[in-house]
Undergrad: 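My questions all concern the structure below.
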Amino acid sequence: MAYIPQTSHVTLLATIRRRRALPAPGELVVSEGQRVSAGDLIGTCEIAESHQLLDVAGKLGVKVAKLEPYLLKREGDLVKKGEAIARRKGLFGLARTVTAGADSRLVLYEEGKALLARVRAVEVRAGLSGRVVGLGETSVNIETTGALLSGVWGNGKDVVSVLRLATGEPNQVLHAGLLEPSLRGAIIAAGNLPDPSLFAGLVDVGAAGLITGKLSARLLDAARAATLPVMVVEGFGEGGFSLPVFQFLSGNSGREMWLNACVWDAFGGDRPEAIIPLPSPGSAPAQALDGQPLEEGKRVRILRGPEAGRIGRVTGLSDRAMPLPSGLRTRLAVIALDDAHGHQPTVSAPLANVELVE
Amino acid sequence: MAANEYRPQTILAIDFGTSSTRAALIDVVEGQFRHVASGQAPSTFNAPYFDVMEGLRNALEDLTTVTGRRMLNDSAQLITPVDQDGYGADIIAATVSGGPALRTVLVGLLPEFSLGAAKVAADSAYLNVVETFSLNDRRTSQQQIDALVAARPEFIVLAGGRDGGARESILRLAETIGLGAYRLGGDKRHVLYVGNEALKDRVTQMLKPITTVTAAPNIQPTVGTIAPIMGDVGRAAAAARAAQVAGLSDITAYAQGRLIPTAQAAGTLIQFMSKGTTPWKRILFADVGSQSTALAYASQGDLVLNIRPDLGVGVSAERTLEAEGVEAFGRWLPGEPAEDAIRDFVIYKSRVAASTVPVTADDLYAELALARAALRAAVRKARGKWPRQGPSPRLDLIIGAGATLGQAPHPGLAAMALLDAVGPLGATTLMLDRQHLTAALGAVGYFNPLAAVQSLEGGALLTLGTAVSISHTARAGDLLASAKLVDDAGREAVVEVHAGAIEVIALGLGQTGKLTLKPKGRADVGFGPGRTGTLKVIGGQVGLILDGRGRPMLPPRDPAERAERLQQWMFALGS
């Protein structure tokens with residue numbers, strides 16, 4: 001039986017397809033096949049910040065079925081604060097008027113009541129340069145070729161900017177002395193961040209975003225509150241980038257990156273990631289896919305156990321459950337680990353404890 | 001079908017959990033229904049699948065590897081009924097607990113009546129209550145619409161009005177729901193109406209254009225009574241989940257319209273067991289999963305379900321740690337791990353490595369500490385709904401389930417985790433549901449009650465033994481009680497139990513005995529402070545456990561003392 005693990009991408013070049021969605025029903029302004037840049041508008045919508053419910057029929061003293069002639073505004077109309085939406089003239093020039101309580105859009109008339117929504121216009125940008133390859137009612141798919149790096153944690157923000165490394169070694173920790181003016185406007189990559197005050201330091205130096213290898217769980221609240229996008233790639237605690245990730249970042253330093261540090265929603269599929277659009281050499285490279293089976297020859301990262309964080313290649317898969325030091329019995333993958341010295345020590349890890357690294 | 005009607009059928013029981021999808025085969029073996037084998041595979045609720053059938057196909061393939069019997073035809077469809085080659089199943093029973101708990105808004109008239117009843121009902125399903133509304137709500141209608149839109153509910157329960165009672169208030173609340181659902185747009189929300197019966201049609205008519213409405217009996221037909229609509233809530237929630245995830249509707253059709261929440265199915269079985277058909281009248285089923293912890297408590301046929309969708313050992317590990325606290329959690333770990341290290345491990349487990357398994361012994365203890373924390377927090381909240389029993393619950397039987405407990409490498413570790421987390425007093429039989437069969441048999445019972453009963457009697461659950469938990473205020477090392485066991489072969493064993501210690505007397509699977517307990521001083525062995533008594537006990541994989549550690553149970557703060565105690569207890573339990 002095929003085992004299908006989670007996949008993390010540290011991909012130097014792939015065809016990448018991403019869905020960009022409006023947060024509410026609205027208008028898409030791109031068409032199928034259109035080429036877009038990261039900053040291009042793909043659609044607009046309105047987000048309701050608050051509602052007002054007005055009993056129009058009641059205020060005018062009119063039966064619901066006879067309300068129509070008194071309506072001055074229709075569903076979909078924008079109204080200003082204090083503007084009349086319905087009026088009924090009475091005796092002696094007196095009139096009953098129903099007015100909007102705030103600048104809003106009249107979204108619904110139902111059973112004699114009007115629902116107004118104070119709305120805020122929202123514009124959604126492409127986020128990555130590419131080509132529109134599919135349109136839904138409120139979303140578009142954009143396809144590009146480029147490098148892709150998956151994260152494990154994001155603070156819900158995103159930015160497009162140039163990538164720069166702040167630290168010269170995978171495990172090097174960011175400190176105030178490394179925050180140079182040359183990092184202004186850039187997405188900064190650093191092995192680890194030991195102190196929450198460095199988030200403010202990054203903002204002060206004008207950094208556009210942060211990618212870190214690891215981050216202590218005690219700093220997550222500060223990372224959430226940070227005004228710049230923050231993405232963690234490897235995990236939580238001490239340590240920094242794994243070698244493949246550091247090589248990925250080093251090799252792409254100076255290039256434009258879309259850092260989408262969204263919150264990882266395993267159920268919905270949104271995962272924090274960084275995409276660097278790159279020209280395709282000729283024929284389109286393979287798509288970066290999830291949901292592939294674990295097989296010999298595949299590159300994997302060990303997620304748990306004494307070798308947690310190590311990356312290597314699968315050289316065998318047990319077909320029977322084998323005992324672990326914990327006493328559990330489970331199927332194992334035999335993995336030849338990457339090693340900085342060129343050796344390839346072999347270890348075993350439960351299938352449940354590995355993820356594909358593609 | 002009558003409970004004792006014999007109809008030989010091959011039954012496939014499928015469970016869709018957050019981490020794993022399981023398929024259990026039940027069939028007639030030598031004239032009796034028995035659990036034959038199970039298959040398991042990672043669940044595929046999530047991206048990139050969003051379709052549970054992929055996980056099910058893999059689980060069925062695993063089952064076929066074990067049994068040699070195909071469950072899928074060449075088109076990858078379930079074979080039902082059994083074909084001429086003996087492949088497939090006659091009956092398919094299905095349960096579900098997987099996917100994130102449904103974001104739920106509860107709406108009722110008064111907090112202490114209909115809204116309170118709705119909250120109790122919501123506790124029995126995999127629901128995450130994100131907002132509540134009532135007439136006492138100080139917010140205006142428009143503010144309630146704002147709140148409903150901000151809550152982004154997937155499931156709404158509208159309760160209120162005794163039969164023949166309030167009308168206008170209910171209709172106003174229904175209007176708020178309708179306007180909020182209209183503003184949300186997108187996929188239709190599911191609304192369960194459990195209010196004034198006279199308004200059922202009108203409310204359905206109001207909300208049908210923009211929501212999927214299900215009506216069930218009034219949750220509070222008269223003031224002060226609560227109707228038993230737990231099943232209706234569970235089914236409606238399961239239907240809402242089935243509308244979101246591909247494959248569940250197909251499975252519901254195979255299961256003749258019955259897709260049952262896992263905890264509810266398990267509750268059905270233990271409710272039956274508590275009615276006098278077994279020696280146990282007060283039964284607790286505790287299922288600690290990756291995402292949620294479900295407790296089913298049955299006492300002489302009355303069932304209370306309590307599901308905590310925010311407590312688990314995988315996806316919900318982070319919230320479990322918050323509920324228990326880092327300090328209390330750390331006291332279940334040998335050594336002296338730093339608080340930062342505990343937080344890093346738990347958050348990593350929760351966000352990145354939810355489905356991983358422990359590799360080393362320390363890793364295993366951390367996993368069991370998570371299971372304890374989830375179960376302790378769940379029991380703390382659930383006990384308020386159980387019959388009053390004093391500071392510690394009195395339970396005749398505890399069944400532990402979920403991968404961490406059910407598949408603990410040493411049964412003694414699972415026994416200790418159950419005793420530590422639940423903290424019972426007196427004599428309690430302990431069992432493990434290693435194959436996730438409690439819910440499966442509960443679901444099977446709807447179609448073939450005899451199959452469920454015979455499979456249960458045939459050893460579906462692993463008996464760990466009987467535990468006697470002693471309540472006391474003695475100092476560590478003081479003598480608490482003497483215990484004399486005479487087993488059914490006439491062999492005697494005598495043991496002294498001291499404060500802070502665990503003693504185990506060998507009593508194997510299938511063996512029984514008579515245990516006489518003589519407490520010292522005011523120690524309570526289950527018969528009252530200082531009172532001697534004799535009781536029948538059953539043996540199991542661990543044996544007869546005498547727990548002198550007292551209640552509530554937390555290991556010592558001092559790391560060296562804690563390490564010594566944990567080792568002593570685990571050694572005593574054979575781990």
Side-chain angles (χ1 to χ4, degrees), chain A residues 1-8 24-25 48-54 101 107-108 110-111 113 115-117 138 152-153 214 216-218 220 234-238 264-271 289-291 303-308 323-330 349-350 352-355, chain B residues 19 39 41-42 44-50 54 58-59 61-62 65 99-100 140-143 145-146 149 175-176 178-180 182-186 315 318 339-349 351-364 367 407-410 413 575:
Chain A
M1 181 189 76
Y3 182 82
I4 300 178
Q6 172 177 290
T7 302
S8 282
E49 294 184 322
S50 64
H51 294 85
Q52 186 184 19
L53 187 62
L54 297 171
V107 294
L108 181 68
E110 186 80 11
E111 296 291 325
K113 292 181 183 164
L115 183 67
L116 289 84
T138 58
V152 299
W153 187 91
K214 286 194 173 182
S216 168
R218 127 183 94 75
L220 289 181
E234 309 279 2
F236 306 97
E238 293 176 353
W264 193 354
D265 172 11
F267 183 59
D270 291 334
R271 182 168 177 178
L289 293 175
D290 294 338
L303 295 176
R304 190 174 180 181
E307 307 294 343
L324 299 174
S326 62
L328 288 171
R329 297 179 65 87
T330 182
N353 290 10
V354 302
E355 64 171 2
Chain B
S19 274
T44 50
F45 280 90
N46 295 353
Y49 314 98
F50 299 115
E54 182 69 27
N58 290 331
E61 199 181 311
D62 192 35
T65 303
T140 61
S141 295
Q142 41 243 21
Q143 287 171 328
I145 294 169
D146 293 341
V149 170
E175 180 186 65
T176 301
L179 291 171
Y182 173 78
R183 290 300 293 145
L184 279 164
V315 173
E318 191 177 344
E339 279 199 17
D340 277 358
I342 290 174
R343 284 203 175 86
D344 290 338
F345 162 74
V346 170
I347 287 174
Y348 181 77
K349 179 111 205 297
R351 306 284 182 121
V352 186
S355 301
T356 57
V357 298
V359 176
T360 62
D362 281 351
D363 218 0
L364 177 66
E367 195 82 10
Q407 282 155 36
H410 304 286
L413 288 174
S575 303

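No experiment lies behind these values; they were computed from the predicted model shown. Chain letters run A, B, ... following the sequence lines, proteins first and then strands; every chain starts at 1.
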Undergrad: Which atoms of K214(A) come close to chain B, meaning under 4.5 Å heavy atom to heavy atom: side chain ones, backbone ones, both, or neither?
TA: neither
Undergrad: Can you confirm whether E111(A) is buried at CD, in the sense that more than 12 heavy atoms of other residues, nucleotides or ligands lie under 6.0 Å from that atom?
TA: no
Undergrad: Counting only heavy atoms closer than 4.5 Å, note whether A24(A) contacts chain B via side chain, backbone, both or neither.
TA: neither
Undergrad: Output the option from L116(A), V107(A), L115(A) having the highest count of non-hydrogen pairs under 4.5 Å with chain B.
TA: V107(A)
Undergrad: Just jot down the salt bridge (Lys or Arg N to Asp or Glu O under 4.0 Å) partners of D340(B), sequence neighbours excluded, or say none.
TA: R218(A)
Undergrad: Would you say D146(B)'s side chain and H51(A)'s backbone share a donor-acceptor pair under 3.5 angstrom?
TA: yes
Undergrad: Quick one: closest heavy-atom pair of V152(A) and W264(A), and the distance?
TA: O-CE3, 3.4 Å
Undergrad: Using non-hydrogen atoms only, which part of L220(A) is less than 4.5 Å away from chain B: side chain, backbone, both, or neither?
TA: side chain
Undergrad: Under 4.5 Å, counting heavy-atom pairs only, tell me which of Q6(A), K113(A), R329(A) racks up the most with chain B.
TA: K113(A)
Undergrad: Less than 4.5 Å to any heavy atom of chain A: does that hold for the side chain of V149(B), its backbone, both, or neither?
TA: side chain
Undergrad: Using every non-hydrogen atom in the two residues, find where T356(B) and A352(A) come nearest and quote the distance to one decimal.
TA: CG2-O, 3.5 Å
Undergrad: Using non-hydrogen atoms only, which part of E339(B) is less than 4.5 Å away from chain A: side chain, backbone, both, or neither?
TA: neither
Undergrad: Taking all non-hydrogen atoms of both residues, which atom of F236(A) and which atom of A217(A) are closest, and how far apart?
TA: CB-N, 4.5 Å
Undergrad: Is the backbone of Y3(A) close enough, under 3.5 Å, to the side chain of N58(B) for a donor and an acceptor to pair up by distance?
TA: no
Undergrad: Specify which of L324(A), L53(A), T7(A) makes the most heavy-atom pairs with chain B at under 4.5 Å.
TA: L53(A)
Undergrad: Most heavy-atom pairs under 4.5 angstrom with chain A, which of Q143(B), E367(B), E318(B), E54(B)?
TA: E367(B)
Undergrad: Which bit of E234(A) is near chain B, if near means a heavy-atom gap under 4.5 Å: side chain, backbone, both or neither?
TA: backbone
Undergrad: Please list, chain by chain and in numerical order, all residues satisfying side-chain contact (heavy atoms from CB on, under 4.5 Å) with D363(B), sequence neighbours excluded.
TA: R304(A), F345(B), P358(B), V359(B), T360(B)
Undergrad: Highest number of heavy-atom pairs under 4.5 Å with chain B: which of P350(A), P325(A), P25(A), G269(A)?
TA: P325(A)
Undergrad: Check each atom of L328(A) against the heavy atoms of chain B and say whether the ones under 4.5 Å are side chain, backbone, both or neither.
TA: both
Undergrad: Aromatic rings F45(B) and F267(A): how do their planes relate, parallel, tilted or perpendicular, breaks at 30° and 60°?
TA: tilted
Undergrad: Can you tell me which of G268(A), A349(A), A117(A), P306(A) forms the most heavy-atom pairs within a distance under 4.5 Å of chain B?
TA: G268(A)
Undergrad: Return the option, out of S19(B), G178(B), P100(B), with the maximum number of heavy-atom pairs under 4.5 Å with chain A.
TA: P100(B)
